[in-house]
Amino acid sequence: MAEEAAVSEAAFRLQKITITEDFEDDEQQEEVSTDDEFSLQEDDEDLSKALQTIQEQTEDAQILALQSVLTPEKSISEIPQAMDDFFCNFLVRLGMSRTLDCFQTEWYELIERGVLTVGDAGLVPNVYTRNQQLETENQSLKKDLENYKHSVTKTEEALLKMQKERDFHRMHHKRVVQEKNKLICEMKRLKAHYASYEPVLKELSEKYQNSLTQRMLTSLERDKALGQVTGLQAALENLESGYTKQIPETKVGHDCTRKKEFEGPTQKALREARQQKFLVVASSSCDPDEDAEKKMGRRDLKDSEFPVDHEGTPSFEHAKEHTQPLKSGQYQLSSILKVHDFAVNCLALHPRKNIMLSGGDDRLWKTWGFPDGNILLTGEGHTDWISGCCFRPSGTQLVTSSGDSTVRIWDLSRRGCILTLRGHSRAVRACSWHSCGDFVASASMDGTSKVWDVNSERCRYTLRGHEESVNSIEFLPFSSTVLTSSADKTLSLWDVRTGLRVYTFQGHVHSCNHATFNKKGDIIASCDSSGVMKLWDMRKLLPMLSIDAGPHPANQVAFHHSGGLVALASSEGSVKVLCLSVGQLSVLRGPGVEVRCVHFHGQDHLLSAGADGRVCLWTWAQ
């Protein structure tokens, strides 16, 4: 294309020159005679032949041009083109037929006259074509040069930017390394400093534990001394006046409110028997001796006797005899009962009748028939959610704990609260009634547990030792041992006769939500907020089994009467039952809401309650 453009430009310049020369020749020419015109007409045949020849040459030139495109550049330089052919081809290509006729007429006329020969015209010089090509290449190279310069400029800028970033990152890395080395040095120094204080901390911790023990013992001795003084004063007053006078009682830090018009026959008989026993001992000697002080002066007249732990307890052996193994099968959902308007937090079974007790977030406790769900009694009085409930072993009373930091005792015959126990500083999470019926235990979020004497209406002991909230509490049947679980990831056994901790179970890595004994009292089941359930050997004080039923929190565990099944209330909306004989964990899915409590009823029924206020009844099917 560059060669054609160069040729066309040269032909156009030559055309301009020939036209001007023709005009100048016309001005200088003389008039043509008639003979000359006639001679031109005779030569028309020759002109037509010449035109035909020119056309053939033009076709040959086009063929050569096509070949020049297909063949290498060397073949084009080897075949030079005549000047007249070049002009003719140029004029034909542009369609300038009149100019072509004039050129051919004058060209061949001069050749016939002998004025001009073919060799005089020469060949078309390649320098024009080559110059055009070089100019085109030069422009292309200039453009490439500019592009390369632009690319080089961008590359230099990018290189400078990367160098700056490299320097910045090097400086930042050096600073980070310096800070790291500084922190390592600080950590080493702090470790050494901590190592120097570790013996002191250990010594202080031991002193703190000893101080707590001494404080507890001192408090115990103080209470005994106060009781002794009070007893001696009462004995003196009785000896002087000749009749029994009731001793006023002051409870420091605890408030127990009882309705004055109610006193059960058991409490009345117990009070009269103790007063008579006290009068007999007091009247046997004018000056009370040390034996009288030890027997009657160290405690309140109304205080109940703590049970004595010994093997072979008749009631305990009777409970062992009635634990029959469960036949093979599985639990199936039989009915759903709507009991509360809000979440149900606790369930309890009447010791003698098919009556269930439940408490919930609606601040009410309700007793209802099993399995129809008919509401029998409703208790109102708590100002916050009810967290725990339990029947008295006699079945005539019940105890409830609440988020209002109180524990209330209710009488079923009078349908009202007969005693309110106050002493906790925060919400009470659980409560439990002792199998003898004289003591109630409560666990609170203030990190303490309390043992209350129902007859003397006062707190006998405050169990301190947990570092965080105490979430559950339960008496070992027919004993003076109580079990607590806490948010500090531990379980503890306490002796309620002394108020001291006997043993601590450690193994959970999350907050313990609940713990309970089996019917025989030789296995403990516990669960935590990550869904892990653990079984502990009560006799060896060692862990037996750990099952991860998470990751959802586990809220409560319960043993079947046979001891072969353990039920777990899960926050994912299911009840998980573990068969200890085969080690299989089955999942019972109900309405799909959070399950907060579970309870076995007899041999064939399981109850679960959740956050929707409904109670699900599961029946054992073989």
Side-chain angles (χ1 to χ4, degrees), residues 322 324 326-327 329-382 385-400 408 410-417 431 433 519 555-562 565 567-570 573-577 586 588-622:
H322 285 79
Q324 300 176 359
L326 193 65
K327 297 180 180 180
Q330 60 182 358
Y331 282 100
Q332 294 181 357
L333 182 62
S334 59
S335 62
I336 299 178
L337 308 176
K338 181 65 176 178
V339 180
H340 290 265
D341 295 331
F342 299 100
V344 181
N345 299 320
C346 54
L347 290 172
L349 175 64
H350 194 277
R352 294 183 178 86
K353 300 178 181 179
N354 283 332
I355 297 176
M356 294 299 300
L357 172 64
S358 60
D361 288 349
D362 53 4
R363 307 176 185 177
L364 303 175
W365 60 263
K366 296 182 179 181
T367 57
W368 41 278
F370 178 86
D372 52 10
N374 294 328
I375 303 298
L376 303 178
L377 291 176
T378 301
E380 299 180 1
H382 283 293
W385 50 281
I386 295 180
S387 57
C389 59
C390 184
F391 278 105
R392 190 168 186 168
S394 61
T396 59
Q397 296 178 354
L398 60 92
V399 62
T400 57
R408 292 176 182 262
W410 311 76
D411 187 82
L412 296 179
S413 61
R414 295 178 176 268
R415 300 185 180 182
C417 176
C431 60
W433 212 309
K519 193 70 175 178
N555 298 320
Q556 194 178 40
V557 288
F559 273 104
H560 190 267
H561 294 286
S562 64
L565 298 178
L568 178 71
S570 177
S574 64
V575 178
K576 300 176 181 180
V577 180
S586 58
L588 309 179
R589 299 193 180 276
V593 298
E594 178 187 5
V595 182
R596 296 192 175 181
C597 53
V598 290
H599 196 283
F600 284 99
H601 184 283
Q603 291 287 328
D604 300 331
H605 298 288
L606 172 65
L607 297 170
S608 64
D612 57 353
R614 294 185 293 179
V615 177
C616 295
L617 175 61
W618 307 84
T619 305
W620 184 262
Q622 297 181 4

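Position 1 is the first residue of the sequence; numbering continues from there.
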*Stepwise side chain to side chain contact (heavy atoms under 4.5 Å, CB included) check, Leu412 with Thr396*: CA-CA 6 Å; Leu412 296 179; Thr396 59; 5.9 Å; no

*Report the C-alpha distance between Leu333 and Cys616 in whole Å, list the side-chain angles of each, state the deciding distance to 0.1 Å, and finish with yes or no for side chain to side chain contact (heavy atoms under 4.5 Å, CB included).*
CA-CA 7 Å; Leu333 182 62; Cys616 295; 3.8 Å; yes

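Atom CD in Gln332 sits 8.5 Å away from atom OG1 in Thr619 (nearest 0.5 Å). Separation of atoms CD (Gln556) and OG (Ser608) is listed at 11.0 Å; rounding is to 0.5 Å. With rounding to the nearest 0.5 Å, the separation of NE2 in His599 from CG in Leu606 is 10.0 Å. Note that NE2 of His560 is 7.5 Å distant from CH2 of Trp620, once rounded to the nearest 0.5 Å. Note that CH2 of Trp618 is 5.0 Å distant from CG of Leu588, once rounded to the nearest 0.5 Å. Once rounded to the nearest 0.5 Å, the distance linking OG1 of Thr400 with CZ of Arg363 reads 14.0 Å.
For Arg614, the side chain to side chain contact (heavy atoms under 4.5 Å, CB included) partners at least two apart in sequence or on another chain are Ile336, Lys338, Pro591, Asp612. Qualifying ring pair (Phe, Tyr, Trp, His ring centres under 6.0 Å) partners for Trp433, counting only residues two or more places apart in sequence or in other chains: none. The side-chain hydrogen bond (donor to acceptor under 3.5 Å, both in side chains) check on His340 picks up Ser358, Asp362, with sequence neighbours excluded. By the side chain to side chain contact (heavy atoms under 4.5 Å, CB included) test, Glu380 is found to be paired with Leu364, residues two or more places apart in sequence or in another chain being considered. Listed by chain and residue number, Phe370 satisfy the ring pair (Phe, Tyr, Trp, His ring centres under 6.0 Å) test with His605 (two or more places apart in sequence, or in another chain).
Between Leu337 and Trp368, some side-chain heavy-atom pair lies under the 4.5 Å cut-off. Using a 4.5 Å cut-off on side-chain heavy atoms (C-beta onward), Leu565 and Tyr331 make contact.
Nearest heavy atoms, Asn345 versus Gly360: ND2-C, 3.7 Å. Contact detail for Trp365 and Leu357: the closest heavy-atom pair is CE3-CD1, 3.7 Å. In terms of heavy-atom proximity, Ile386 sits nearest to Gly359 at CG2-CA, 4.1 Å. Considering every non-hydrogen atom in both Val339 and Lys366, the closest pair reads O-NZ, 2.9 Å. Nearest approach of His561 to Phe600, heavy atoms of both residues: NE2-O, 4.1 Å. Between Ser387 and Cys346 the shortest heavy-atom distance is O-CB, 3.8 Å.
Defined by atom type and a distance below 3.5 Å, a donor-acceptor pair is missing between the side-chain atoms of Arg596 and Asn555.
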Would you be so kind as to tabulate the donor-acceptor pairs closer than 3.5 Å made by side chains of residues 347-356, with sequence neighbours excluded?
unit_1	atom_1	unit_2	atom_2	d
His350	ND1	Arg352	N	3.1
His350	ND1	Lys353	N	3.2
His350	NE2	Gly395	O	3.0
Arg352	NH1	Pro393	O	3.2
Arg352	NH1	Ser394	O	2.5
Asn354	OD1	His601	NE2	3.4

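The closest donor-acceptor contact from the side chain of Ser335 to the backbone of Leu617 lies at 3.5 Å or more, if one exists at all.
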